Structures are given as structure tokens and as C-alpha cells.
K.L.:
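Shown below is the structure under consideration.
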Amino acid sequence: MPKDQLPQDPDSLARWEQLPQNKPSKEALPPVAGGMYWVFGLLIVFLIIVILGLLLGQPA
């Protein structure tokens with residue numbers, strides 16, 4: 001963090017507080033929810049490959 005900070009501007013703060021403070025919509029949220037499905041699917045595929053590798057890799 002810089003040592004030389006600018007002084008606060010009370011006029012800017014007042015304007016910011018006058019802006020509408022709405023709850024963000026689902027479209028405005030980060031795409032982590034959609035990405036988690038991909039990660040979960042890849043994790044299942046990876047586990048299946050690991051289990052098959054362990055079962056098929058052992059000598060009889």
C-alpha cells in the first residue's frame with residue numbers, strides 16, 4: 001500500500017452514498033457457480049481414471 005495517500009473527498013463520498021444501493025443480480029455475480037460444475041465433473045472423471053488405473057495396474 002502506498003505511503004502517500006490522497007486525502008478523502010467528502011463531496012465524492014456524499015455522491016457515492018446517493019447512488020442506488022441495490023442487491024446485485026445473479027448475472028452480476030462472479031461465474032464461480034457455473035465453474036464449480038465443471039470442476040466437480042472433472043473431479044469425478046479423474047477419480048474414475050485413478051480407480052481404473054489402480055485396478056488394472058496391479059499384477060494378478
Side-chain angles (χ1 to χ4, degrees):
M1 205 161 154
K3 294 180 183 179
D4 300 327
Q5 292 183 350
L6 295 174
Q8 292 183 355
D9 185 12
D11 184 44
S12 296
L13 181 60
R15 287 183 184 182
W16 173 260
E17 290 174 347
Q18 290 176 357
L19 290 173
Q21 303 293 325
N22 299 332
K23 184 178 178 182
S25 66
K26 289 187 177 184
E27 291 83 17
L29 295 176
V32 70
M36 289 301 289
Y37 293 117
W38 282 98
V39 171
F40 186 67
L42 289 176
L43 181 64
I44 291 175
V45 170
F46 178 72
L47 289 175
I48 290 172
I49 291 172
V50 167
I51 291 171
L52 286 175
L54 290 173
L55 291 175
L56 298 175
Q58 294 182 1

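In what follows, residues are counted from 1 in the order of the sequence shown. Owing to the predicted nature of the structure, the values given are computational and were not obtained by experimental measurement.
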K.L.:
Please give the remaining members of the hydrophobic cluster of Phe46, linking ILVMFWY side chains under 4.5 Å, ordered by chain and number.
P.N.:
Val50, Leu54

K.L.:
Other residues, nucleotides and ligands only: do more than 12 of their heavy atoms fall within 6.0 Å of CD on Gln21?
P.N.:
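Enclosed.
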
K.L.:
Suppose we screen for salt bridge (charged side-chain N to carboxylate O under 4.0 Å, His left out). Which residues come up paired with Asp9, at least two apart in sequence or across chains?
P.N.:
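Expected list: none.
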
K.L.:
In chain order, what residues pass the side chain to side chain contact (heavy atoms under 4.5 Å, CB included) check against Ile48, with sequence neighbours excluded?
P.N.:
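Partners of Ile48 under the side chain to side chain contact (heavy atoms under 4.5 Å, CB included) test: Ile44, Leu52.
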
